[in-house]
Amino acid sequence: MFLKKFLLICSLMFSAMNLAAQEDSVSLIPVVVTATRTRSTIEQTGAAVSLLTKKQLTQQNSRSVPEAITNLAGVWMQKTGHAGGSPFIRGLTGNQVLLMTDGIRLNNATYRYGPNQYLSTIDPFTIYKAEIVRGVAGTLYGSDAIGGVVNIITNEPRFVSGKGEVHGNVSAKWISRDMEKTISSTLAYNSRNITVEATGTFSDFGDIYAANSKKQTPTSYDQGAFFGKIKYRIDDKHMLTASFQQLSQQDVDLYDQVTQRGFAVNKIDPQKRQLTYLRWEASMGTFLSDQMRITASRQVSTERRVRQRTNSTIINYEYDQVLTNGLQAELEKKLSSRWKMINGMDLYADDVESSAFDLTTGGSSVKPKRGLYADGSSMLAISLFSHHQLKFGQFEITGGLRANKYSVNIPDTLFGEVALKPFALAADAGLMYAINEKWKLVAGMSTGFRTPNVNDLSSFGKFDFGTEVPSPDLKPEKSFNKELGIKRVTEKTYLHFSAYHNNLTDLIERVRSTYEGDSLINGDKVYTKANTGNAVIYGLEAEFYTWVSHSFRVISHLTYTYGQNKTAN
């Protein structure tokens with residue numbers, strides 16, 4: 001008994017401490033990009049930002065990206081299986097939190113309401129750092145960023161001044177009871193003007209063992225990933241970056257569906273994500289811009305779901321693929337010693353393929369069906385934004401505006417065509433006051449939104465407690481967030497305390513409906529989506545870390561969140 005208590009106390013102590021050998025200097029003021037879309041230190045931004053570095057990731061030895069960011073300030077992770085993991089930030093998750101990699105949206109036209117699994121489609125061996133912005137970020141990033149933004153930044157190959165060099169490494173991981181076998185290999189070439197890095201990873205995840213050695217079956221699956229990045233420095237003012245990412249998961253069983261929802265089989269096989277992008281960066285020094293970044297991207301997300309009810313002879317197959325083409329342009333300009341701004345444009349175009357069929361277990365008959373979404377659906381999003389930062393003595397004022405235009409087209413032969421063209425504005429304003437060199441007061445307000453996507457407008461299929469039919473007429477969800485905080489930054493210590501209040505209106509929620517005049521489909525209750533929800537979320541957050549010595553750091557954070565659905569009381 002004494003030993004158990006001793007081990008428990010030790011584990012609690014070390015859960016709040018992180019042993020880390022600092023390579024260069026104990027002075028550590030991290031540089032982040034997500035909070036402002038430009039390089040700035042945490043000291044310079046008023047936003048609440050959680051940061052996971054490469055060194056922390058290596059120390060944690062996490063099996064997946066959701067697992068890696070679980071212990072960050074203000075982040076709570078929902079996981080019903082190891083291949084999943086949906087971050088809750090300030091009470092929101094799913095398509096109300098924006099997921100990104102290298103500043104490119106992962107959220108697409110079919111991202112669904114509630115927890116999803118898509119953050120696990122990034123290979124943890126390719127992460128340079130993770131930045132989480134807690135709070136509404138609609139001005140800088142548009143739709144979905146009403147809970148926060150998770151930006152996973154991949155490895156950055158480095159340039160060297162001398163002769164070109166080749167290096168690499170191989171990592172292997174094994175967890176007992178066959179829970180994991182992973183091997184990952186990286187090969188890199190670095191020179192003065194060109195640098196290349198490639199990583200390949202294969203993982204065999206077995207069933208998870210829970211408390212009292214209880215085996216959670218089925219939770220096993222296989223995963224393979226490849227990552228490559230090339231950086232070419234044309235000259236001192238121009239650089240090109242090309243990157244390719246691909247991850248594929250096979251036989252991903254949905255544990256909660258099989259054990260609780262009456263399914264003999266319920267899995268995703270396969271789930272794939274592929275991203276290719278080309279980025280041009282230039283130091284312009286012109287009237288319009290000092291720095292310019294243009295990114296063209298192409299992303300393909302593929303998902304096939306396989307379901308069979310217990311004691312049923314019918315297997316249902318659903319297949320969805322979303323092709324997303326993106327274009328981003330960002331212009332940074334320092335107008336004076338007191339005034340700098342970033343202006344930009346984002347464009348994303350989604351094309352959706354969706355199909356389904358039923359197959360008898362003997363394979364004797366095949367019945368084609370409408371997919372989860374109307375096949376051939378599309379969604380176009382284009383937006384312009386401008387964000388400014390002004391300094392006057394001890395005061396710093398920030399503010400911005402974004403205009404967003406969407407076009408959603410759904411050629412649904414079963415329920416009728418839908419053509420929706422919503423428009424949304426997002427704005428923010430912030431004030432930071434330097435009490436002295438170490439202490440700063442922060443205040444801000446921001447509006448955000450989430451535009452209805454193809455999943456909202458076109459879903460026809462089963463979910464946990466019923467069957468959903470399409471909703472042809474929806475408008476954007478809206479949020480209005482107010483925040484007050486204080487921060488202290490020194491060479492060895494970082495402290496950030498914040499209080500926020502987020503008011504949500506026109507929330508898209510499921511409500512009871514009918515299909516062909518009936519409130520039931522095969523015994524399931526019929527639901528549709530409508531803008532019926534109003535809610536409020538408020539909370540407190542505190543984050544603190546300090547370097548006690550050159551190689552010993554203490555990290556601690558506290559989060560309190562309260563949410564109230566005012567519509568349903």
Side-chain angles (χ1 to χ4, degrees), residues 34-38 45-47 89-90 92 95-98 100 103 105 107-109 111 133-149 326-333 340-350 379-390 397-409 419-431 443-454 456-457 473-483 500-509 529-537:
T34 310
T36 59
R37 288 186 78 144
T38 63
T45 174
I89 302 175
R90 294 192 171 179
L92 299 173
N95 54 23
Q96 295 173 323
V97 169
L98 178 61
M100 309 178 76
R105 294 175 64 95
N107 292 39
N108 60 36
Y111 267 40
V133 177
R134 310 191 302 273
V136 178
T139 305
L140 287 172
Y141 294 104
S143 181
D144 305 1
I146 58 178
V149 178
L327 181 64
Q328 299 167 273
E330 299 164 277
L331 302 173
E332 291 183 45
K333 180 65 180 178
K340 66 178 181 180
M341 65 179 180
I342 180 168
N343 302 310
M345 178 273 294
D346 293 333
L347 184 150
Y348 289 93
D350 292 353
M379 181 172 176
L380 175 66
I382 184 167
S383 57
L384 301 172
F385 68 90
S386 182
H387 205 266
H388 299 255
Q389 182 180 7
L390 296 143
I397 301 170
T398 59
L401 181 70
R402 172 183 284 255
N404 309 266
K405 182 64 177 177
Y406 293 82
S407 177
V408 187
N409 292 283
L420 200 66
K421 298 183 183 297
F423 176 82
L425 287 173
D428 67 59
L431 176 66
M445 58 181 64
S446 55
T447 64
F449 68 97
R450 188 185 74 81
T451 194
N453 61 16
V454 172
D456 297 308
L457 298 163
D473 188 19
L474 294 171
K475 55 187 178 180
E477 299 177 321
K478 299 172 185 176
S479 71
F480 179 43
N481 185 69
K482 289 82 66 182
E483 192 159 345
Y500 67 91
H501 183 282
N502 194 5
N503 195 61
L504 305 164
T505 57
D506 292 330
L507 290 174
I508 297 173
E509 298 181 340
K529 290 194 178 88
N531 291 99
T532 61
N534 293 302
V536 62
I537 302 173

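Heavy atoms only, all atoms of each residue included: L420 and P452 are closest at CD2-CG, 4.0 Å. Contact detail for A427 and T139: the closest heavy-atom pair is C-OG1, 3.2 Å. Between A35 and T45 the shortest heavy-atom distance is CB-OG1, 3.6 Å. Nearest heavy-atom pair across Y348 and G326 is CD2-CA, 4.0 Å.
One N or O on the side chain of D350 and one on the backbone of A109 form a donor-acceptor pair closer than 3.5 Å. A distance-only check finds a donor-acceptor pair linking the side chain of N404 to the backbone of A424 [under 3.5 Å]. One N or O on the side chain of Q328 and one on the backbone of G103 form a donor-acceptor pair closer than 3.5 Å. Between the N453 side chain and the Y111 main chain, a donor and an acceptor come within less than 3.5 Å of each other. A donor-acceptor pair under 3.5 Å is absent between the side-chain atoms of K529 and the main chain of L457, judged by distance alone. Side-chain atoms of E477 come within 3.5 Å of backbone N or O of I508 as a donor-acceptor pair. Side chain of S143 to main chain of T451: a donor-acceptor pair is present (N/O by atom type, distance under 3.5 Å, no hydrogens or angles). Of the possible polar contacts, one joining the N531 side chain to the K475 backbone as a donor-acceptor pair under 3.5 Å is found.
Here D346 pairs with R37, R402 under the side chain to side chain donor-acceptor pair (under 3.5 Å) rule; sequence neighbours left out.
Residue K405 holds its NZ atom at 13.0 Å from CG of L384, rounded to the nearest 0.5 Å. Atom-to-atom distance recorded for H501:NE2 and I537:CD1 is 10.0 Å, nearest 0.5 angstrom. Remark: L507 CG to S479 OG distance equals 9.0 Å, nearest 0.5 Å. A distance of 11.5 Å separates CZ in F385 from CG in L401, rounded to the nearest 0.5 Å. To the nearest 0.5 Å, atom CG of residue N107 and atom CG of residue L98 are 5.0 Å apart. Rounding to the nearest 0.5 Å places CG of L331 at 8.5 Å from CE of M341.
Checking N343 against S386 by side-chain atom types alone, a donor-acceptor pair falls below 3.5 Å. Checking S407 against N409 by side-chain atom types alone, a donor-acceptor pair falls below 3.5 Å.
When each of V97, L140, V136, T34 is tested with V149 by the rule side-chain contact (heavy atoms from CB on, under 4.5 Å), just one qualifies, namely T34. The one candidate from D506, D456, D144 that meets the side chain to side chain donor-acceptor pair (under 3.5 Å) condition with R450 is D456.
Residues M345 and L327 meet the side-chain proximity criterion, which asks for heavy atoms closer than 4.5 Å. Side chains of D428 and H387 form a contact here, defined as non-hydrogen atoms less than 4.5 Å apart. By the 4.5 Å heavy-atom criterion applied to side chains, Q96 and L504 are not counted as neighbours.
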Exercise for the section: Begin with the C-alpha distance, continue with both residues' side-chain angles, and end with the deciding distance and a verdict on side-chain contact (heavy atoms from CB on, under 4.5 Å) for Q389 and T36. Expected result: CA-CA 10 Å; Q389 182 180 7; T36 59; 6.0 Å; no

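A 6.0 Å sphere centred on CE of M100 holds more than 12 heavy atoms belonging to other residues, nucleotides or ligands.
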